[in-house]
Structure formats: C-alpha cells, structure tokens
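Numbers restart at 1 for each chain; the letters A, B, ... are given by sequence-line order, proteins then strands.
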Amino acid sequence: MGTTSNGDRPWESCHTVYTNAKAGMDGVDKEKVQRVIYEMSKGSKYFENEQRKDAILKEKIERMQAQCAKLTEKDIEKFQMVADKRIEELESSRDLSKIWLHSDMDAFFAAVETLENPSLEGKPLAVGSMSMISTANYEARKYGVRSAMPGFIAFKLCPELVLVPVSFDKYVHYSEKTRKVFRRYDPNFIATSLDEAYLDITEICKGRGVTREKVAEELRKAIYEETALTCSVGVAPNRLLAKVCSDINKPNGQYVLLNELEAVLTFVSSLPIRKIGGIGKVTEHILRDGLGISTCEDMLRKSAYICGLFSPSSVDFFLSVGLGLGNTETPQLRLRKSISNERTFSSTDDQSLLFKKLEETAEALSDDLQKESLFGRTLTLKLKTSSFEVKTRATSLQKFIQSKEHIFFHASKLLRAELPLSVRLIGLRMSHFGEAESHPADPTQRTLGSFFTEGTSAGRETISEPTVDHLDEEEESTTDLAPPSSTQQGAVSWLNDYICSLCGYELPPSFLKERQEHSDFHLAEILQKESPTPPKKRRKPTSNGSKHIPIEFFFDRTKEK
DNA sequence: GGGGGAAGGACCA
DNA sequence: TTCCTGGTCCTTCCCCC
C-alpha cells in the first residue's frame with residue numbers, strides 16, 4: 001500500500017489490497033477491484049497498519065538494493081562459486097522415482113454449502129462473515145471477491161453476493177468422505193487441511209500398470225461419486241511441484257508433469273515465484289524488487305546474490321525452487337508442537353473486560369489441551385492492539401500445566417505487564433509439551449484453587465480446584481507467606497474505599513467482582529515472588545526503527561567470506 | 001560460540 | 001459498523017554456560 005507517487009490513482013501502488021493469485025480470478029476488472037478496496041479501506045486503523053508494514057518492507061528492500069550495489073565483481077565471483085557448488089549438491093539429491101499427486105477441492109466450503117442448499121447454485125456465494133470471508137465460489141470470484149477479504153468489502157464489489165456462515169462440522173463430514181477415497185490410493189496420504197492432501201501414487205501406478213493421468217482421472221471421479229464435489233489434481237515428481245500443478249487447471253481439472261529432468265526444468269523456467277508454496281506476498285516483493293527475481297529460473301540466474309544475501313536455509317529453499325526440487329519422502333508422523341486459541345472482539349481498554357476475555361481464552365485452551373491430553377510449559381500471550389499491531393509475550397514454567405486456573409494465573413501476569421492497552425484480540429498458545437509430573441491429583445495437596453477458595457474467600461467460586469496439574473512446590477511454599485484477610489478481599493486494601501493500596505489502581509466499591517479479580521492478581525504476584533523461572537531480562541523495547549530486520553546481517557556475512 | 005527462550009513475522013488453508 | 005483462526009517455521013536478539 002504505502003507511499004505512492006501516482007497521486008490521482010493511489011490504489012495502483014497499493015500492492016497489499018489486491019491479489020489475483022487465487023484460481024478463477026483471471027479476467028477480473030483488476031483496476032476496479034483495487035479502487036473499491038482502496039476506497040473502502042483508506043483511513044481505517046487496519047489500513048494505517050498495512051501502510052506502516054509496507055513502509056518497513058520498502059525500507060528493507062531499499063537497503064537491500066543499496067547493499068547489492070556495493071558488491072564488487074570479486075564478491076559476486078566468490079558468491080557465484082559458493083552458489084554453483086550448492087546447486088551441484090542439490091542437483092545430486094534429485095529424486096525422480098516418486099509420483100506425487102496433490103488434490104485440492106474446488107471452493108470447498110462454498111461447494112458444500114451449495115450441495116446442501118441447491119438454491120445457491122449459480123449465485124455468487126461466499127462463506128464467512130462481514131469481518132472475514134473463508135471461501136468464495138467461482139461466480140463470486142468474477143467480481144474480485146476472494147478468501148481473506150472482509151465481507152463488507154465483498155458486498156461493495158458484488159452487492160448480490162450471498163454470504164453464509166461457516167459450518168465447520170459440515171466440512172469435516174465431507175472431508176472425511178474424501179479421505180476415505182485417498183486412503184484407497186495411499187494409506188499414508190498427507191492431509192494438509194480439510195480440502196487438500198498429498199498422495200504418493202508411485203506404487204499404484206507401478207502395481208496396476210496404469211498411467212498417472214489415468215490414476216488422477218480415476219481419483220477425481222471417485223471423489224465426485226463419493227461426495228458430489230469436484231476437485232483439482234496435480235501430478236509431479238515431488239510435492240512442491242504437484243501443488244503447483246493442481247492449480248493449473250482449476251476447477252475440476254488436472255495437470256500432469258512427467259518425471260523427466262528436461263520436463264521439470266522447462267516447467268519451472270518461466271514459472272512465477274508466487275506460484276510456489278512458501279513464497280507469499282512479502283517474499284515475492286523482496287525477491288522481485290530487491291533482486292529482480294520473478295520466475296523460478298531467475299533464482300538460478302541470481303544465485304550469487306541469493307548466496308550473498310540470505311541465510312543458508314533460505315538459500316537452499318530458493319535454489320531448490322529454481323531447480324524444481326521438492327520433498328519426495330513421506331514424512332514421519334509429526335507430533336503437534338503447539339496449541340492455541342484466540343478471539344477477536346470490539347477494541348477495548350476496559351481492564352476487567354480484558355481479564356474476562358483472557359479467562360475465557362484460558363478456559364478454551366485448557367479444554368483443547370484436555371481433549372488431547374497435553375500439558376505444556378511455555379505459555380504465549382498474543383495481543384492485537386486496536387491499531388492492529390500484534391504483540392506476543394511468553395513465559396516458560398518449570399512444570400507442565402493444563403488447567404484453566406494455572407493458564408489464567410500465568411497469562412494474567414503476562415497481560416498485566418502490558419496494561420493499560422487498547423486491545424482487539426487476545427490469544428493464548430501452549431507449547432513445549434511434556435508429562436505433568438504430579439498427577440493424578442493428591443487430594444491432600446494444597447492447590448492454587450484451594451488457596452483462593454479456602455484461604456482468601458471461602459465460598460467464592462471464581463477459581464475452582466485444579467484437578468490434574470498442581471501448584472508448583474515453590475508456589476505452594478509461598479502460600480503461607482501472606483495469607484490476606486478476607487475482609488480485605490484478598491491481598492489488597494482500598495484506600496479511601498477506592499484506590500488499591502498496592503498499585504494505586506482505582507475501582508469503585510460496587511465493582512465487587514472486578515475488585516476480587518484485582519486482588520487475585522496481587523495474590524498471584526505474592527505467590528510468584530519465587531517465580532518458577534527467574535524473569536529473563538526483557539529484550540530492548542522495540543521502537544518502530546528497531547523492528548526492521550537488519551539487512552546488514554546479510555552483509556556481515558559478505559565480509560566474512 | 002552454542003543452546004535455548006523470547007519476540008516478531010511470513011506463510012498456509 | 002465490520003479486516004479471522006490456528007498452526008508451522010524462520011530469524012534475530014539476548015542470556016547463560
């Protein structure tokens with residue numbers, strides 16, 4: 001979006017407001033769509049934040065260009081040697097023995113809704129809400145409506161749009177039906193979402209002596225017979241290319257790339273980098289404007305610059321893309337690494353409301369952890385401010401926790417440190433999973449919950465007994481330190497019947513629940529005097545400037561070599 | 001200097 | 001009036017050993 005030089009047509013340089021990367025959007029009146037989105041967005045907090053991010057990106061690219069210009073002939077020669085060696089190594093790892101198929105359901109959520117309500121047939125349809133659209137059918141895409149677009153903008157683009165809410169259960173039901181079919185072709189198929197999957201069809205092709213085209217056709221037919229829904233399929237020697245291929249003849253089509261080196265290299269030579277999974281809007285922009293790379297082949301032509309500017313893992317990824325290499329092995333069963341829950345609401349700086357939202361989120365996260373029998377020790381609080389800036393704050397504990405009470409207890413500490421703040425989203429994420437050390441619960445053990453319910457305000461129900469994960473020993477040992485009197489509503493007394501004696505926070509006497517919560521936080525602080533992990537020194541507070549990714553890092557590497 | 005935690009961000013469906 | 005949710009991976013900064 002960002003700063004623009006074409007004054008009377010500012011939307012034209014608004015690269016964040018429009019993308020036709022989605023299938024079915026060719027032939028859309030791009031300029032009109034861009035103008036409408038710009039008009040609807042400009043001046044909003046969201047738009048301002050996008051401009052801020054754009055400005056950072058622009059600066060990053062300019063610095064990159066400047067540093068590129070500084071590279072001497074000798075530097076470039078040296079990096080070219082490094083690049084050539086790496087390309088040779090990557091090339092030697094090429095495996096053309098596998099046949100991968102990528103299946104992608106066509107406008108899945110919208111197709112399911114139409115199937116269940118045939119009166120929607122032929123109408124422009126989107127699934128989602130006024131805030132956000134999940135899927136748009138092909139009729140709606142003709143108007144520029146697409147997923148990840150807010151509904152109110154979609155209506156501006158297409159006033160006759162039908163908007164239906166997301167019904168996740170329905171999609172899971174149909175997804176299960178598709179998976180039944182996938183299992184017949186590859187019992188170890190990899191599902192990447194409800195509507196996408198990768199299948200290794202090497203054995204099916206060999207065993208039955210049929211072509212990959214035939215298998216693709218057969219699979220699409222089987223999916224249709226099973227679900228009455230269409231899908232698109234891509235077949236290629238690796239998963240990266242199979243995904244690109246499945247997008248080529250969307251909807252209800254297929255594209256097959258042969259397992260021949262020549263065919264692969266020809267295929268990627270003119271392929272736009274944005275078609276590659278893993279290269280999104282930002283990376284495309286950096287590569288295109290920073291290094292003049294817009295096709296996969298350009299990755300090889302500019303390999304010296306790539307080696308000079310990016311980290312080893314990025315270099316490997318970019319060069320692999322240039323060579324048309326991708327994963328060919330079925331990965332080992334991968335365990336979940338984190339689990340999270342977040343909710344967006346109307347922006348508020350009302351602290352009691354924020355803690356209420358936090359408590360709800362803690363409960364939802366705890367429910368999810370319990371469903372999967374998981375205990376975690378790193379808790380991350382995510383906040384989106386009313387200006388759309390995202391902050392995350394994490395804490396790592398000594399023990400693994402799961403209960404709502406423990407999550408809320410630790411999350412509250414993280415949130416309090418950020419207040420006052422106007423917030424529109426609160427999220428909690430649990431990671432670093434492991435075994436809880438002290439369950440099942442010893443009924444005689446005193447817990448955080450019992451401390452609150454017995455020690456501070458008998459009969460209250462704000463915090464219930466944790467059932468599985470117990471209070472840390474350190475926490476427990478501190479529970480006797482300062483048992484607050486119940487007449488003080490916990491650790492706090494209220495000066496002039498209004499002001500918190502510990503922090504000066506003001507709450508009217510009638511705000512009983514809020515006062516109780518406030519008191520609980522101070523209690524929590526007392527309990528945490530001997531914190532499970534000593535608080536680490538916080539990173540320097542990030543100013544706007546320091547949020548930039550320091551490009552010099554890349555060029556320090558230049559000097560090293 | 002390496003390992004690991006924290007914070008931020010890109011990307012995906 | 002309204003710009004999501006839940007997940008993974010990567011990078012950088014920083015502390016500690």
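Between dA10(B) and Lys60(A), no contact under 4.0 Å exists linking OP1 or OP2 to a side-chain N or O. Contact between the side-chain N/O atoms of Ser396(A) and the OP1/OP2 oxygens of dG5(B) is not found at any separation under 4.0 Å. For dG7(C), one of the phosphate oxygens OP1 or OP2 lies less than 4.0 angstrom from a side-chain nitrogen or oxygen of Arg336(A). The phosphate of dC4(C) has OP1 or OP2 within less than 4.0 Å of a side-chain N or O from Lys384(A). Arg424(A) has a side-chain polar atom (N or O) that falls below the 4.0 Å cut-off from OP1 or OP2 of dC4(C). An OP1 or OP2 oxygen of dA7(B) is reached within less than 4.0 angstrom by no side-chain nitrogen or oxygen of Arg429(A). An OP1 or OP2 oxygen of dG8(B) is reached within less than 4.0 angstrom by a side-chain nitrogen or oxygen of Arg393(A). OP1 or OP2 of dT11(C) lies within a sub-4.0 Å distance of a side-chain N or O belonging to Ser314(A). OP1 or OP2 of dG8(B) lies within a sub-4.0 Å distance of a side-chain N or O belonging to Thr392(A). Contact annotation: Lys281(A) side-chain N/O to dA10(B) OP1/OP2 distance is not under 4.0 Å. The side chain of Thr135(A) contributes no N or O atom lying less than 4.0 Å from OP1 or OP2 of dA13(B).
Panel note: side chain Asp186(A), backbone Asp200(A); a donor-acceptor pair is recorded below 3.5 Å.
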* **Pair pattern of DNA chain C in dot-bracket, where unpaired bases get dots and | marks partners in another strand, Watson-Crick or G-U under 3.5 angstrom** => ....|||||||||||||
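Between Phe317(A) atom CZ and dC10(C) atom C1' the separation is 12 Å, expressed in whole Å.
When the nearest nucleotides of DNA chain B are assigned to Lys53(A) and Asp104(A) by heavy-atom distance, the more 5′-ward of the two goes with Lys53(A). In terms of position on DNA chain C, the residue among Ser131(A) and Ser313(A) whose nearest nucleotide sits closer to the 5' end is Ser131(A).
Across dC3(C) and dC12(B), the matching P atoms stand 23 Å from one another, rounded to whole Å.
Salt bridge status for Lys250(A) with Asp247(A): absent, with no side-chain N to carboxylate O gap under 4.0 Å. Using a 4.0 Å cut-off between charged side-chain N and carboxylate O, Glu89(A) and Arg86(A) make a salt bridge. A salt bridge links Glu360(A) with Lys356(A): the closest approach of a Lys/Arg side-chain nitrogen to an acidic carboxylate oxygen falls below 4.0 angstrom.
With Leu229(A) as the fixed residue, the side chain to side chain contact (heavy atoms under 4.5 Å, CB included) test singles out one of Leu115(A), Asp106(A), Thr178(A), Thr114(A): Leu115(A).
Remark: Arg141(A) is positioned above the aromatic ring of Tyr138(A), its terminal NZ or CZ atom under 6.0 angstrom from the ring centre and at most 45 degrees off the axis.
Judged by distance alone, with hydrogens and angles left aside, Thr344(A) brings no side-chain donor or acceptor close enough to the base of dC3(C) to form a pair under 3.5 Å.
Counting heavy atoms of neighbouring residues, nucleotides and ligands inside a 6.0 Å radius, atom NZ of Lys177(A) exceeds 12 of them.
Here the side chain of Arg274(A) is nearest to one of dA6(B), dC12(B), dT2(C), namely dC12(B).
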